[in-house]
Amino acid sequence: MDLQLSGRRALVTGGSRGIGLAVARALVAEGVDVAIAARDPDRLAAAAAELRSAGGPTIVPVEIDTGDDASVRAAVAATVAGLGGIDILVNNAAQPGGQSPPPKLAGITDAAFYDDVNVKVMGYLRCAREVAPLMIEGGWGRIINVSGLAARQTGSIIGSIRNVAVAALTKNLADELGGHGITVTVVHPGLTRTEKTPAVIAAQAERRGLDAAAVEARMGSRVAVGRIIDAAEVADVITFLASPRSGAITGDAIVVGGGAIGAIHY
C-alpha cells in the first residue's frame with residue numbers, strides 16, 4: 001500500500017530516542033521530511049546523523065522543552081524554517097518513566113504531578129496550538145498523540161491521570177479541527193521494547209533474583225501475543241495514522257500493546 005506520504009513534513013517531539021526515534025525512522029522511510037525535537041542536543045545530533053545516513057528526506061534537529069511555551073514556539077518556528085511547513089505532528093515528549101515502580105499515594109508530590117502533566121498534557125496542547133494554524137491554512141493535517149495504557153489500567157496514579165487527559169485532549173481537538181481536514185488520534189502503547197529495555201530487564205532480574213530471560217518471559221506473558229512489542233511496531237501504526245490513508249479515523253484511541261488479556265474495550 002502506498003501511504004501517500006512522500007513530500008509531507010512532520011514534527012516528532014521526543015524524537016531523539018525510543019518510540020519517537022522509531023516513528024522518525026518509519027516516516028523517513030516513507031519519504032517524509034522530519035524535524036526531530038527533544039531536549040538533549042547530543043542525543044538530537046546523534047539521532048539526526050543516523051536518520052541522514054541513508055540519504056533521502058530532509059532531517060532537522062530541533063531543541064524543545066514542551067513544558068515551556070517559548071520553547072515550543074521557537075521549536076515550531078525552527079521546524080517551519082527548516083522544512084517549509086508542518087503537515088504532521090507526533091506528540092511524544094514526556095518525562096522519562098518505567099525505570100522503577102511508580103509511587104503510591106503517600107509518595108506523590110505536587111511537583112512530580114505538575115511536572116509530568118505540564119510536559120506531557122500541556123506540552124501536547126502547546127504543540128497542537130502552535131501547529132494547528134499551519135495545518136488549517138494548508139487544509140490538511142495529522143496530529144497523533146502518544147499516550148499509553150495507563151489510561152486504561154491502575155497502578156500509576158499520575159500515569160493514569162495524564163494519559164486519560166491526553167485522550168480527552170485528542171477528542172476535543174478532533175471535533176474542533178475535523179472540518180479543516182485535520183484528524184487527531186491517540187495511540188496507547190503498552191510495554192514497548194526500546195533501547196532502555198535491556199537495562200530495565202536487568203534491574204528487575206537483579207531485584208527478583210531471576211535471569212533476564214525469565215523476566216522478559218514474565219513481561220510477555222501479560223499480553224495476548226506473549227511478547228514485548230517493539231517500538232518499530234508502534235511506529236508502523238503511527239505512520240499509517242499520519243497518512244492520507246487514515247482519513248476515516250479521528251478522535252479515537254488505537255492500542256498498540258499486544259492485546260490486554262481479559263479486558264473488553266468498545
All heavy atoms of A174 vs all of T250, minimum pair found to be CB-OG1, 3.4 Å
Side chains of residues 253-266: which donor-acceptor partners sit under 3.5 Å, not counting sequence neighbours?
none

* Asked: Would you say the side chains of N118 and R162 form a donor-acceptor pair under 3.5 Å?
  -> no
- Taking atom types as modelled, find out whether T170 and N145 have a side-chain donor-acceptor pair closer than 3.5 angstrom. yes
Might you work through the salt bridge (charged side-chain N to carboxylate O under 4.0 Å, His left out) test for R129 and D69, ending with a clear yes or no?
CA-CA 10 Å; R129 188 172 60 200; D69 281 344; 3.4 Å; yes
Q | Derivation and outcome, side-chain hydrogen bond (donor to acceptor under 3.5 Å, both in side chains), residues K120 and N91 | A | CA-CA 8 Å; K120 187 162 188 176; N91 272 320; over 6 Å; no
### Query
Are the side chain of T66 and the backbone of V119 linked by a donor-acceptor contact shorter than 3.5 Å?
yes
All N/O donor-acceptor pairs, side-chain side in residues 31-39, below 3.5 Å, sequence neighbours left out:
from, atom 1, to, atom 2, distance (Å)
D33, OD1, T58, N, 2.8

Output for pair (I59 CD1, L51 CG), nearest 0.5 Å, gives 5.0 Å
| R227/E216 ion pair, N-O < 4.0 Å | no
Rounding to 0.5 Å, atoms CG (L11) and CG (L83) come to a distance of 8.5 Å
Ignoring hydrogens and geometry, is there a side-chain-to-backbone donor-acceptor pair from S147 to N163 under 3.5 Å?
-> yes
_Residues D65 and R126 bridged, charged N to O under 4.0 Å_ = no
Across all chains, not counting sequence neighbours, the side-chain hydrogen bond (donor to acceptor under 3.5 Å, both in side chains) partners of D175 are K171
Do side-chain atoms of T192 reach the backbone of P189 as a donor and acceptor pair under 3.5 angstrom? no
Is a donor on one side and an acceptor on the other found under 3.5 Å between the side chain of E195 and the backbone of G18?
yes
A112 backbone acceptor or donor facing T109 side chain under 3.5 Å: yes
task: For S243 and Q4, indicate whether the former's side chain and the latter's backbone hold a donor-acceptor pair under 3.5 Å.
output: no
